[in-house]
Amino acid sequence: MAAGGGGSGDPLAPAGVPCAFSPHSQAYFALASTDGHLRVWETANNRLHQEYVPSAHLSGTCTCLAWAPARLQAKESPQRKKRKSEAVGTSNQTDLLALGTAVGSILLYSTVKGELHSKLVSGGHDNRVNCIQWHQDSGCLYSCSDDKHIVEWNVQACKVKCKWKGDNSSVSSLCISPDGKMLLSAGRTIKLWVLETKEVYRHFTGHATPVSSLMFTTIRPPNESQPFDGITGLYFLSGAVHDRLLNVWQVRSENKEKSAVMSFTVTDEPVYIDLTLSENKEEPVKLAVVCRDGQVHLFEHILNGYCKKPLTSNCTIQIATPGKGKKSTPKPIPILAAGFCSDKMSLLLVYGSWFQPTIERVALNSREPHMCLVRDISNCWAPKVETAITKVRTPVMNSEAKVLVPGIPGHHAAIKPAPPQTEQVESKRKSGGNEVSIEERLGAMDIDARKKGKDDLQTNSFPVLLTQGLESNDFEMLNKVLQTRNVNLIKKTVLRMPLHTVIPLLQELTKRLQGHPNSAVLMVQWLKCVLTVHASYLSTLPDLVPQLGTLYQLMESRVKTFQKLSHLHGKLILLITQVTASEKTKGATSPGQKAKLVYEEESSEEESDDEIADKDSEDNWDEDEEESESEKDEDIDEEEDEDAEGKDEENGEDRDIASEKELNGDSDLDPENESEEE
Amino acid sequence: MAGYKPVAIQTYPILGEKITQDTLYWNNYKTPVQIKEFGAVSKVDFSPQPPYNYAVTASSRIHIYGRYSQEPIKTFSRFKYTAYCATFRQDGRLLVAGSEDGGVQLFDISGRAPLRQFEGHTKAVHTVDFTADKYHVVSGADDYTVKLWDIPNSKEILTFKEHSDYVRCGCASKLNPDLFITGSYDHTVKMFDARTNTSVLSVEHGQPVESVLLFPSGGLLVSAGGRYVKVWDMLKGGQLLVSLKNHHKTVTCLCLSSSGQRLLSGSLDRKVKVYSTTSYKVVHSFDYAASILSLALAHEDETIVVGMTNGILSVKHRKSEAKKESIPRRRRPAYRTFIKGKNYMKQRDDILINRPAKKHLELYDRDLKHFRISKALDRVLDPTCTIKTPEITVSIIKELNRRGVLANALAGRDEKEISHVLNFLIRHLSQPRFAPVLINAAEIIIDIYLPVIGQSPVVDKKFLLLQGLVEKEIDYQRELLETLGMMDMLFATMRRKEGTSVLEHTSDGFPENKKIES
C-alpha cells in the first residue's frame with residue numbers, strides 16, 4: 001500500500017509518498033518524506049508524534065514502509081484487511097515499522113522506543129526495495145526489490161529465511177493472501193506464489209506497465225455451501241504505473257481465465273488504496289483510492305464475477321484552498337492517503353504537504369457524487385513541534401525558527417509561524433451553504449484564461465514561427481504567419497519579433513507585395529506595422545535607402561496607375577449601377593415603359609407611334625390578348641402613373657376603371673387604337 | 001523599301017524562385033517510396049560496393065535493402081536492445097553496429113550471427129566505424145570513451161577518455177588508417193591518432209555535436225550540432241572556415257554528394273538542405289513529413305534515403321534519363337538544301353543581287369501586316385496564348401493602341417468574344433507590368449459597349465468581377481500610398497541626420513579655426 005515513493009521536491013505536488021496508517025485503530029499515521037525523514041503523526045489530534053531521521057537518510061531514502069501487525073485483543077474487530085487475523089503477534093513486534101530504502105536495506109523502527117530497532121541488510125537486496133509486507137501470523141517479513149528478487153526475512157534473527165527470483169524485471173509490489181498461505185507479487189506480470197513451496201500457482205497478465213499496487217479484497221467464500229479453500233473466489237486489486245484503471249482479478253482454481261474480471265476507472269495512477277471487507281454476500285466492498293493527482297475516489301461494489309464495463313466512482317473527494325478575494329484562485333490540495341475508519345462510514349483523509357500533513361475525519365455521504373472540501377492550510381505550514389512530546393529525537397525547534405528542508409525550491413514566505421486556527425479551518429468546511437464548488441470555480445477560471453490567453457498563445461508562437469521561417473526560408477511556415485488577417489495579432493507579432501529579422505522580413509514582404517491585391521493587402525498591413533513599430537530602429541540603419549530602395553520603387557511604380565485606375569473605377573461603378581438598375585426594372589412588367597411612348601406623341605403622329613408601340617410590346621401582346629380591352633387601358637394608365645405593380649393586382653382594380661377613364665382625357669382614344677391593331 | 005516591323009514583345013523578368021542547375025538536378029527524382037520501420041530510423045548507410053545495398057538501423061533491427069526492393073533482403077534482429085549505427089566496411093562485406101547495452105557487434109553480410117562481439121563499453125554505443133585499413137573498428141559510447149578494436153583477435157587496442165560527455169558521432173579517415181574523429185555532447189570534435197594515444201586536434205563546436213563528416217581529401221571537417229553546421233580546415237590546425245545556420249532546429253545528419261561538390265544536411269525541422277561546397281550557400285532544399293534523423297546518398301546520387309523519427313524511411317530514386325532519348329526526331333532537310341547556290345563565287349562583271357531574306361513572322365504579325373487587326377487580337381486572346389504568354393497579348397494590345405485602332409479591334413464582338421477579353425483583363429489587370437495598357441483597354445471596352453450593357457448576364461457578371469478587382473486594387477494602392485508616406489518620413493529623417501551631422505561638423509570646425517586665429 002505504500003506505493004512507489006517517487007515523491008517530488010515540491011511539498012504541494014500531488015505525488016505518492018510512502019505512508020501508512022498504523023494497524024491498531026489507525027491511531028498513528030507514518031509518513032516517510034522525500035527529505036528522508038520518517039514522521040509519525042497522531043491521527044486524533046493531528047500532532048507530530050515522533051520524528052526519526054535514519055542515518056543514511058539522504059543516500060538511501062525511504063521507498064516504502066509497513067506497520068507490523070498489531071497485537072490484537074482476542075475479540076477486537078479487524079481494522080485493516082491484511083492485519084486482520086486471529087493470531088496474536090509476538091510481543092516485540094508491536095508498533096514496529098519496517099522501512100525499505102533505495103539502497104536495498106530494510107530498517108525496523110520501534111515507535112514505542114522511538115529508535116531504530118534493527119536493520120535487515122545481510123543477504124538481502126542490492127537495489128531499491130519496492131514493497132514490504134508483514135506476514136500476519138508467522139512474524140515474517142517479505143520484501144521485493146528492483147534486483148528482481150523476493151526475500152523472506154526472519155525478523156527476530158534479522159536473517160534471510162529465503163530468497164528467490166520473483167520476476168524477469170524488477171518486482172514492484174507484494175501482497176499476502178488473507179489466509180497467509182499465498183503471496184502475490186507483481187512486476188510486469190502478477191504472480192501468485194504458494195508460500196510453503198515458493199512455487200508459482202497462477203499468472204495474471206494484462207497490465208502494460210509495471211504494477212504499482214496490489215491488494216486482496218475478499219476472504220468471503222464464493223458461496224456458503226462450499227468450504228473456503230483459501231484460494232477459490234479470491235479477488236484482488238491491482239493498479240499500474242501511468243494507468244488510470246484499477247483492475248480486479250479473480251483467483252479461481254478451476255478456471256484458467258487470466259484477464260481481469262473488472263476494473264474501476266480513476267483519474268490518475270492510484271497511489272494509495274484502502275478498502276473495507278464485506279462479511280456477507282449483500283454487503284458491498286467499499287474502496288477508497290487516492291490518485292497521483294491528489295483526488296480520492298470511492299467505490300462501492302458487490303464482487304460477483306465478471307463485469308465488462310469499467311466502473312466509475314460513486315464519489316470523488318477533492319480538497320482545495322479557499323480563493324481569498326476575487327484575485328486569488330483556489331488551488332487544489334493533494335490528498336496523500338485515505339483510510340476507512342472502523343465504522344466504515346467515515347474516512348480519515350490525510351492531505352496537504354508531506355512536510356506537514358493534516359489529518360481529518362470526514363463522514364461519507366454516499367449520495368453526493370462529488371465532494372469538494374475547502375481548507376486553508378497556509379497556516380499549517382510551519383512545523384509545530386510541541387515540546388510536550390517526549391519521544392521526538394530531532395532537535396526541538398521553536399516557532400520562530402525557519403526550517404529549511406532539502407528539495408523544496410520555493411520555500412519562501414509561505415512559512416509564517418502563526419497560531420493554528422483549526423476552528424476556522426473547520427468552519428470553512430463545505431456544508432452546502434453559499435460556497436461555490438470547485439468545479440464551478442475551475443470552470444470560471446478556465447473561461448477567463450481562454451479569453452485572455454488566446455492571443456498571448458498565438459503571439460508567443462508567431463514570432464518564433466516567423467523567425468524560424470525567415471531563417472530557413474520555409475515557404476509554408478511564412479505563409480502561416482503572414483497570411484493572418486488579425487491586425488492585433490500582426491501588431492503583437494511585429495512587436496515581439498527579434499530585431500535582426502526586421503530586414504529579412506522586409507525583403508520577404510517585398511517579394512510578396514507584387515502579387516494579387518487580395519494577398520498583397522495583407523502584406524501591406526505587415527509592412528505598415530514594421531515601419532511604425534520599428535521606425536526608430538530603421539532610421540538608425542546607415543544603409544536604409546539601399547535596403548528599402550527596391551521596395552520603394554516597386555510600390556511607387558504600382559501606385560503610378562492609381563489615377564487611371566480610379567478613373568476606370570468610376571466608369572465601372574456607373575456601369576454597374578446601370579446594370580443593377582436595369583435588372584431591377586426587369587422585375588417589373590416591361591410593356592408599360594414602351595407604351596409610355598405611345599402616349600406622349602400620339603396626338604401628333606398616331607401612325608408612327610403605333611408602330612413603335614407595336615414593336616416594343618409585341619412580346620407581351622400575346623398574353624394580353626385574351627384579356628378585355630378595358631384591362632389594357634388600365635395597364636397603360638398604371639404605367640403612366642409609373643407604378644411598378646404586378647399583374648396580380650389586376651382583378652382588384654376593375655372597380656377603378658371608370659374613375660380612371662374619367663381622369664384621363666386620352667383614355668377614350670386608346671381602346672380605339674388597340675381595336676384597330678387587333 | 002521598309003519592310004514590316006514585327007511587334008516588339010516586351011520581356012519581363014520571371015518572378016519567383018530562380019531555376020538553377022541545382023534545382024533541376026535535385027528535383028529530378030521520382031516520388032518517394034515510403035517504408036515503415038519499427039522505430040525511429042537512426043542511421044542509413046550505403047554499401048560502397050555494387051549493388052549498393054543499404055543498411056537501415058531502426059529500433060533493435062538492422063534491415064538491408066536492395067536498390068529497388070521495398071522489402072528488406074536481409075535482417076539482423078539479434079539485438080536485445082536498440083541497435084545503433086550499422087555501417088558497412090569499404091568492401092561491403094562486413095557490417096558493424098553498436099548497441100544500447102554497450103556491445104559492438106560485427107556481422108558478415110551473408111551470415112546471421114555476429115562474427116565478433118566487442119565487449120568493453122559500459123553504456124550505449126552510438127557510433128562505430130571501420131578504419132581505412134579495414135582491420136580495426138572505432139567506437140564511441142555514452143560512457144564518454146572512444147575505443148579502438150582489433151577485428152582479427154577481437155581485442156581492445158586503445159581507449160581514449162578525453163571526452164567529458166556522451167560520444168554520439170564519429171568517422172574514420174578514408175586515407176589514413178590511424179586517424180579518426182569523434183564528436184561529443186561536450187561540444188567538441190576531437191581527432192585521434194592511434195599512434196599517439198591522445199587526441200591530436202580538438203575543435204569547439206559550441207553545441208552538442210550530432211554528426212561529423214570528413215571530406216574525402218581529409219582536409220576539411222564538417223560538424224553539425226545545434227542549429228549550426230560548421231566547416232573546419234584541418235590542415236590549418238582546426239580553423240573555422242564556415243559556420244552555416246540555415247535550419248531552425250537541431251541538425252542531425254550530414255552527407256556529401258558523390259561528386260563531393262554538394263553537402264547535404266538533415267535536421268529535426270523536417271528539411272534537408274543542399275549546400276554548394278564552393279560558396280557554402282543553400283542551393284536546394286527538400287521537405288519531409290517528419291523530423292529527420294538520418295540521411296544517405298547512393299553512388300552517383302542515384303538514390304536519396306532519409307530516415308525519420310516516426311519510423312518512416314523515404315527512398316527517392318533518380319528519374320531515368322533514357323526516356324528523353326526515345327522520342328524520334330523529325331527528319332529535316334539536309335544542310336545542302338540550305339546552302340544551295342550560296343557558295344557561288346561572283347565573276348568579274350556580275351552584279352550580285354541578294355534576295356531579301358524571308359523573315360519569319362508570327363501569325364499575329366502576319367495579321368497585323370495585312371491590317372486584320374480584329375483577327376490578330378483574336379489570335380492573341382486565344383487561351384493558349386493568354387495563359388502561357390500574357391505578355392504577347394499585352395504587347396499586341398499596346399501596338400493596336402499605338403496605331404489607334406484598338407477601339408476598332410475591340411468593337412463588334414459577341415457575348416462570348418467580349419467575355420474572353422474581359423477574362424483576360426480580370427486576370428491580368430492587377431499586375432503592375434500590364435496595368436497601364438489594360439486599364440486603357442478596359443476604358444475603351446466600356447466606351448464601346450456602354451449602349452448594350454445589361455443585355456447579357458454573362459458579360460454583366462464579368463463587369464461586376466472587374467469592378468470588384470479594381471476596387472481592391474485601388475484600396476491596395478491607397479494603402480501603398482500611405483506606406484510610401486511613412487517611408488518618405490523615414491528617408492527624410494535619414495537625410496536630415498546627414499544634414500545635421502554636416503552642420504555639426506562645420507560648427508565644430510569654427511571654434512578650431514578661431515583658436516588657430518587667436
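Computation of the quantities below employed the complete heavy-atom set of this structure, encompassing side-chain atoms and omitting hydrogens, waters and symmetry-equivalent molecules. Numbered from 1 within each chain, the chains take letters A, B, ... in sequence-line order.
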> Do A:E471 and B:H247 come close enough that some side-chain heavy atom pair is under 4.5 Å?
Replying inline: no
>> Contact between A:L548 and B:F491 at the side-chain level, heavy atoms closer than 4.5 Å - yes or no?
In response: yes
> Looking at A:T467, A:L551, A:L575, A:T580, which has the largest count of heavy-atom pairs under 4.5 Å with chain B?
Replying inline: A:L575
>> I need the minimum non-hydrogen distance between B:V470 and A:L572, along with the two atoms involved.
In response: CG2-CD1, 3.9 Å
Contacts under 3.5 angstrom, residues 524-534 of chain A side chains, donor-acceptor by atom type, not counting sequence neighbours:
unit_1 : atom_1 : unit_2 : atom_2 : d
A:W526 : NE1    : A:L482 : O      : 3.1
A:K528 : NZ     : B:E479 : OE1    : 2.8
A:K528 : NZ     : B:E482 : OE1    : 2.4
A:T532 : OG1    : A:K528 : O      : 2.9
A:T532 : OG1    : A:C529 : O      : 2.9
A:H534 : NE2    : A:V494 : O      : 3.0

> Quick one: does B:D269's side chain get under 4.5 Å of A:Q468's, heavy atoms only?
Replying inline: no
> Roughly how far, to the nearest 0.5 Å, is NZ of A:K571 from CD1 of B:I445?
Replying inline: 11.0 Å
> Just checking, any donor-acceptor pair under 3.5 angstrom between side chains of B:Q477 and A:S566?
Replying inline: no
>> If you define the side chain from C-beta out and look only at heavy atoms, does anything of B:D475 sit under 4.5 Å from A:V521?
In response: no
>> Please rank B:L469, B:L480, B:D287 by heavy-atom pairs under 4.5 Å with chain A and give me the top one.
In response: B:L480
>> If the threshold is 4.0 Å, N to carboxylate O, is there a salt bridge linking A:R558 and B:E473?
In response: yes
> Out of curiosity, A:Y552 OH to B:D488 CG, how far, rounded to the nearest 0.5 Å?
Replying inline: 3.5 Å
>> Does A:R512 have more than 12 heavy atoms from other residues, nucleotides or ligands lying within 6.0 Å of its CZ?
In response: yes
> Which value, rounded to the nearest 0.5 Å, describes the distance between A:Q563 atom CD and B:I439 atom CD1?
Replying inline: 11.0 Å
> Given a strict heavy-atom distance threshold of 4.5 Å, which part of A:T561 is in contact with chain B: side chain, backbone, both, or neither?
Replying inline: both
>> Would you say that more than 12 heavy atoms from the other residues, nucleotides or ligands in this model lie under 6.0 Å from the NZ of A:K564, or not?
In response: yes
> Between CG of A:L522 and OH of B:Y476, what distance do you get to the nearest 0.5 Å?
Replying inline: 10.5 Å
> For atom NZ of A:K191, is the number of surrounding heavy atoms from other residues, nucleotides or ligands below 6.0 Å larger than 12?
Replying inline: yes
> Heavy-atom distance under 4.5 Å to chain B: side chain of A:Q578, backbone, both or neither?
Replying inline: side chain
>> So for B:L466, is it side chain, backbone, both, or neither that comes closer than 4.5 Å to the heavy atoms of chain A?
In response: both
> For A:Y537, does the OH atom sit with more than 12 other heavy atoms under 6.0 Å from it, leaving out its own atoms?
Replying inline: yes
>> With rounding to the nearest 0.5 angstrom, report the CG to CD1 distance, A:L574 to B:I446.
In response: 9.5 Å
> Distance from A:L538 atom CG to B:M487 atom CE, nearest 0.5 Å?
Replying inline: 9.0 Å
> Non-hydrogen atoms of chain B under 4.5 Å away: do they reach the side chain of A:L513, the backbone, both or neither?
Replying inline: both
> Got a sec: does the OH of B:Y449 have more than 12 other heavy atoms crowding it under 6.0 Å?
Replying inline: yes
> Side chain, backbone, both or neither: which part of A:I576 has a non-hydrogen atom closer than 4.5 Å to chain B?
Replying inline: side chain
